[in-house]
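Below is one structure, written out as structure tokens; comments come after it.
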Amino acid sequence: MLIEIGQVEALFRYPVKSMSGEQLEAAELGWHGLEGDRRLAFRRIHDNERSGFPWLSASRLPDLLRFAALCR
């Protein structure tokens, strides 16, 4: 017996971590989530030794949210 727990109203993919997303009509869902979602990121060359987190994020550089990547 299937039980409906909700409906998808909108679907977004974020190809590059902390950059703007793109709205999708449909997407492939696999073991690692949506195909192409957050598969890429900008790596910090300096300062990652202290934090242990090598990826540049919008919390460190808010202007990243102004850019959008295109997946083809």
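Note that the coordinates shown come from a computational prediction; the quantities given were computed from them, not determined experimentally.
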In Å, rounded to the nearest 0.5 Å, how long is the span from [atom1] of [X] to [atom2] of [Y]?
| X | Y | atom1 | atom2 | value |
| --- | --- | --- | --- | --- |
| Met19 | Ser57 | CE | OG | 13.5 Å |
| Phe42 | Lys17 | CZ | NZ | 12.5 Å |
| Leu56 | Leu61 | CG | CG | 5.0 Å |
| Arg43 | Trp55 | CZ | CH2 | 6.5 Å |

- prompt: Do Ser18 side-chain atoms and Ala58 backbone N/O form a donor-acceptor pair below 3.5 Å?
  reply: yes

- request: State yes or no: do Phe67 and Val16 share one hydrophobic cluster built from I, L, V, M, F, W and Y residues joined by side-chain heavy-atom distances below 4.5 Å, directly or via other members?
  value: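 The answer is yes; both residues are in one hydrophobic cluster.
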
field: Pairing residues for Gln7 by the side chain to side chain donor-acceptor pair (under 3.5 Å) criterion, not counting sequence neighbours
entry: Glu4

query: Excluding sequence neighbours, so at least two apart, what forms side chain to side chain donor-acceptor pair (under 3.5 Å) with Ser20?
result: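 For Ser20 there are no side chain to side chain donor-acceptor pair (under 3.5 Å) partners, ignoring immediate neighbours.
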
- prompt: Which heavy-atom pair separates Ala27 from Leu11 by the least distance, and what is that distance?
  reply: CB-CD2, 3.8 Å

Shortest non-hydrogen separation from Glu22 to Ala69 and the atoms involved: OE1-O, 4.1 Å

query: How would you list, by chain and number, every residue that makes a side chain to side chain contact (heavy atoms under 4.5 Å, CB included) with Ala10, sequence neighbours excluded?
result: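 Scan of Ala10 (side chain to side chain contact (heavy atoms under 4.5 Å, CB included), adjacent residues dropped) gives Phe12, Gln23.
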
Let me have the donor-acceptor pairs involving side chains of residues 28-41, under 3.5 Å, with sequence neighbours excluded, atom names and distances please.
from, atom 1, to, atom 2, distance (Å)
Asp37, OD1, Tyr14, N, 2.7
Arg39, NH1, Asp37, O, 3.0

